[in-house]
Amino acid sequence: MGGRDLFDIWVGADGVLWLSGEFDLAAVDTFMRVACDSIDGQHEVVLDLSNVRFLDSAGVRAITTFSNVCKAGLVLRSPSNKISRVIDLVGIDGRNGIRVERDAAPAS
Amino acid sequence: MQLGLPVAVTASMLARRALDGWMEEVLDEEAAAASRLAATELVTNAVQHSGLQLGDEVTLRALAMPELVRIEVEQASSAAGARIVDRDDRRGPHGGGYGLRIVDEVAQRWGVEPGPPGCVWFEIGGLTASGT
């Protein structure tokens, strides 16, 4: 298993939550712990997905659960084409305060 | 290809790793990406909703057929409860319902053999020349 497939999440200096690797069921607990600890409840939260290589329904479900505590909104930033497709399939853009910001020419 | 997977949160990752090696020779890139996503959903459903316990296993099977591949996930318990949840009816105890909707969107066909043992399967085209 390549290291870039392992899920990771860290908080940038600007408060952006950077995610990488495969966001599946095995990643949910780590995501929820770090993400919920990082927010103040006052500002819009940004998840940068540009380095997420795989997303499944368990990851989507974790994002929608997390959106419940993001009272000022949740932005999903820069998903790749593959990740965008999953987001579109489940139709979470515009639901529950979630907004997707896609790059003009997203990477595949 | 047949593989026993532990009932654990890592099961879908193990399934993807096994399929990646197998699909490389069989499916084109788009079909392989769709298959690894759909297989992940079936394995995760089995892990979360089959009623099996830690230490039990589910079985992943991948078969190359004349014009498509068929991927099956079998569990010792019944799979009769596997169904798509309406988009506006996802507030159940698990807040889920996305998984089989994704399978429905990316696979050509899918179905449930209730069992027990229960089996949920899907079929998808996109075979490479060496896969036909």
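Numbered from 1 within each chain, the chains take letters A, B, ... in sequence-line order.
- For chain B, no part of A:Val28 is nearby; none of its heavy atoms comes within less than 4.5 Å.
- Cation-pi geometry between A:Arg77 and A:Trp18 is satisfied (NZ or CZ under 6.0 Å from the ring centre, within 45° of the ring normal).
- Cation-pi geometry between B:Arg70 and B:Phe122 is not met: the NZ or CZ atom fails to fall both under 6.0 Å from the ring centre and inside 45° of the normal.
- Side-chain atoms of B:Val58 and B:Glu74, non-hydrogen and from C-beta on, never get closer than 4.5 Å to each other.
- Comparing B:Val47, B:Asn45, B:Val106, B:Asp104 by heavy-atom pairs within less than 4.5 Å of chain A, the highest count is held by B:Val106.
- When each of A:Val86, A:Val60, A:Asp56, A:Thr65 is scored by its heavy-atom pairs under 4.5 Å with chain B, the top score falls to A:Asp56.
- Summarising the local packing, CD of B:Gln2 is surrounded by more than 12 heavy atoms from other residues, nucleotides or ligands at distances under 6.0 Å.
- Contact annotation for B:Arg16: only side-chain heavy atoms (C-beta onward) come within less than 4.5 Å of a heavy atom of chain A.
- Of the atoms belonging to A:Asp24, it is side-chain heavy atoms, and not backbone ones, that fall under 4.5 Å from chain B.
- The pair B:Arg101-B:Glu41 does not count as a salt bridge, with every side-chain nitrogen at least 4.0 angstrom from each carboxylate oxygen.
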